[in-house]
Amino acid sequence: MKILGFRALVLLTFCLVFIQCKKEAAKETQVQRPNIVFIMSDDHAYQAISAYNKELIETPNIDRIANEGMIFTNASVTNSICAPSRAVILTGKHSHINGKIDNLSPFDTTNVTFPQLLQKGGYQTAMFGKLHFGNAPKGFDEFKILPGQGDYYNPKFITQKGDTTITGYVTDIITDLTLDWLKNRRVKEKPFLLMYLHKAPHRSWLPAPRHYKSFTKKNFPVPASLFDSYQNRGTAAKMAEMNILDHMILNYDNKVYSEIIDSLGIKERRLFDPLDRMNPEQKSDWDASYDPINKEFAVSYPKMNDSTLMAWKYQRYMQDYLGTIAAVDENVGRVLDYLEKEGLDKNTMVVYTSDQGFYLGEHGWFDKRFMYEESFKTPLLIKWPNTIRPGITEVEMVQNLDFAQTFLEVAGISAPEDMQGKSLVPLLKNEKETWDREAVYYHYYEYPAEHAVKRHYGIATKDFKLIHFYYDVDEWELYDRKADRQEMKNVYNDPSYKDIVEELKSKLTSLRKKYKDSEELSNRYIQVYKDKGWIVD
Ligand code: SGN
Ligand code: CA
């Protein structure tokens, strides 16, 4: 009896402890809402992430996010340019509503942003890296941001305690600041939103010293449309100033020294010296790898014709652009490793994206802005253990417009009625029955401006893209996304697409109504440029 009683007591204690532990665990998962790590690079083309394309570069760390979670093959932006994309992300509203239509206009800080709502809702919030607004971000407990575009070498940062300059390479420094906050300054009891925002791979593409040697020796495959002559396209494609041969600057972009340019008698536009922020030690490291390239160029340039010069510039572009991405990938790995080491990864959603896509020689171009494929589409990879099953490819059409509502839902905070996106949570949970989006809307404004891409708006479905260039031309373009993946032929005037054009125009009208865009608003935004004297009648 006595022994039995003792056993029963042990069993009872064990059960009680077990029930208590379960209760505690339940309490913890209930109390601790998921952390959100939002990683965004600047101008990172999906073609330069190996989870999308293995031809150009290996990005094993960014790929980890896809392998452990979901890769979106149909993610796009609503306005393919930096600061406007960021404003759309923060507000969950199209550019014509949040007012940040281009890189030049100020961001209206009366806009409500999702970080403000998360902060109010009990989240800790921090931002490190490139924001690109003239004003400090609202809704952050801590931020250290680059002024404007920021610099690759020895960058300045705006902080709550004043400006500071940090010696070193920007991608490494942004990560150091991020890890420092994660390790030392965050309050461990609270869930957090961390916005970790890279400057790379933005123009003028300066890699980290450790990548000079290997990348400047690489030779990359050439895209099929590198020598595009823009036949069967409209005026806008022909007039854009972002052709690698014609508009890429040998000194600024391809790092040909000015003395060599002068000695070869080349006349070209001079911007500031891209290497001017390097200290003597950094400059001597640079020279060790880039002197031989310059010497070789001086010898071979006189024998070059347009097509060999184009091919040379393209290779130089890819070497430096992709070189900057190697450092992004390594640093993303450092952050993922830290989350794993601390066991934080289990309750953290990690997002990797870019502020827009980018041309890597397709149509002979660099830069972005157009609603055409490579700049409209943006990379998007999300992992969220226990919710997203690993290794999923999602083909639904999603946009940067959707992030705000997604993060609010993840945090259990209701989104303001006037946000215009759609939470991605049903897709992340594989509950696709509620997902009914058939088309997305796009509107680009920054014209006249650098790269001369005309104002346009349009609608994209999975099968077609209808675009209206409405300022200083009045031209429509239709692309058959399935039959013509490279968008080489505008079929707007092809009679066999007549019904499609009609159907898409009517859908576009409904979308514009739904999102509250209009000709009147477009004219108002043109008037802003007239008032500034940027458009003269
Ligand atoms: C800079 C670049 C442009 C680029 C814009 C916008 N020129 O002006 O090539 O299109 O930024 O880029 S540079 O001479 O300064 O490098 S964005 O990503 O910020 O929108
Ligand atoms: Ca950008």
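Numbering of ligands and ligand atoms starts at 1, following listing order. All values derive from a computational prediction rather than experimental measurement.
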Any heavy atom of Gln356 closer to ligand 1 than 4.0 angstrom? yes

Residue Arg369 vicinity, atoms of ligand 1 by number, heavy atom under 4.0 Å: 4 (C), 5 (C), 6 (C), 10 (O)

For Tyr196 and Asn331, which I'm curious about, is there any donor-acceptor pair between the side chains at under 3.5 Å? no

Given that the side chain starts at C-beta and the backbone is N, CA, C, O, which of these parts of Lys130 lies under 4.0 Å from ligand 1, counting heavy atoms, or is it both or neither? side chain

Please find out if the Ca ion (ligand 2) and some N, O or S atom of Ser85 are separated by less than 3.0 Å. no

Taking the Ca ion (ligand 2) as the reference point, name the nearest N/O/S atom of Asp43. OD1

Could you tell me if the ring centre of Phe38 sits under 6.0 Å from that of Phe403? yes

Counting the benzene-type ring for Trp, do His456 and Tyr442 have ring centres under 6.0 Å apart? yes

I'd like to check which ligand 1 atoms, numbered from 1 as shown, lie under 4.0 Å from a non-hydrogen atom of Lys368. 4 (C), 6 (C), 10 (O), 12 (O), 17 (S), 18 (O), 20 (O)

For Leu271, counting its heavy atoms only, list the atoms of ligand 1 lying under 4.0 Å from any of them. 14 (O)

Would you kindly say whether Tyr441 and Arg512 are connected by a side-chain donor-acceptor distance under 3.5 Å? yes

Under 6.0 Å from the CD atom of Gln160, do we count more than 12 heavy atoms belonging to anything else shown? yes

Would you say Ser204 and ligand 1 have an N/O pair spaced under 3.5 Å apart? no

Report yes or no: do Asp517 and His94 form a side-chain donor-acceptor pair below 3.5 Å? no

Hey, is Tyr252 one of the residues with a heavy atom under 4.0 angstrom from ligand 1? yes

Filtering Asp355, Val453, Asp367 for the heavy atom nearest atom 10 (O) of ligand 1 leaves Asp367

Does the gap between the ring centers of Phe220 and Tyr314 come in under 6.0 Å? no

Here the gap from Ser50 atom OG to Asn53 atom CG, rounded to the nearest 0.5 Å, amounts to 8.5 Å

So the atoms of ligand 1 within less than 4.0 Å of a heavy atom of Asp43 turn out to be 18 (O)

Atoms of ligand 1 close to Asp42 [distance to a heavy atom under 4.0 angstrom, numbered from 1]: 18 (O)

Taking the N/O/S atoms of Asp355 one by one, which is nearest to the Ca ion (ligand 2)? OD2

Work out which heavy atom in Asp285 is nearest to a heavy atom in Pro209; give both atom names and the distance. OD2-CB, 3.7 Å

Which atom of Asp42 approaches the Ca ion (ligand 2) most closely (N/O/S): OD1

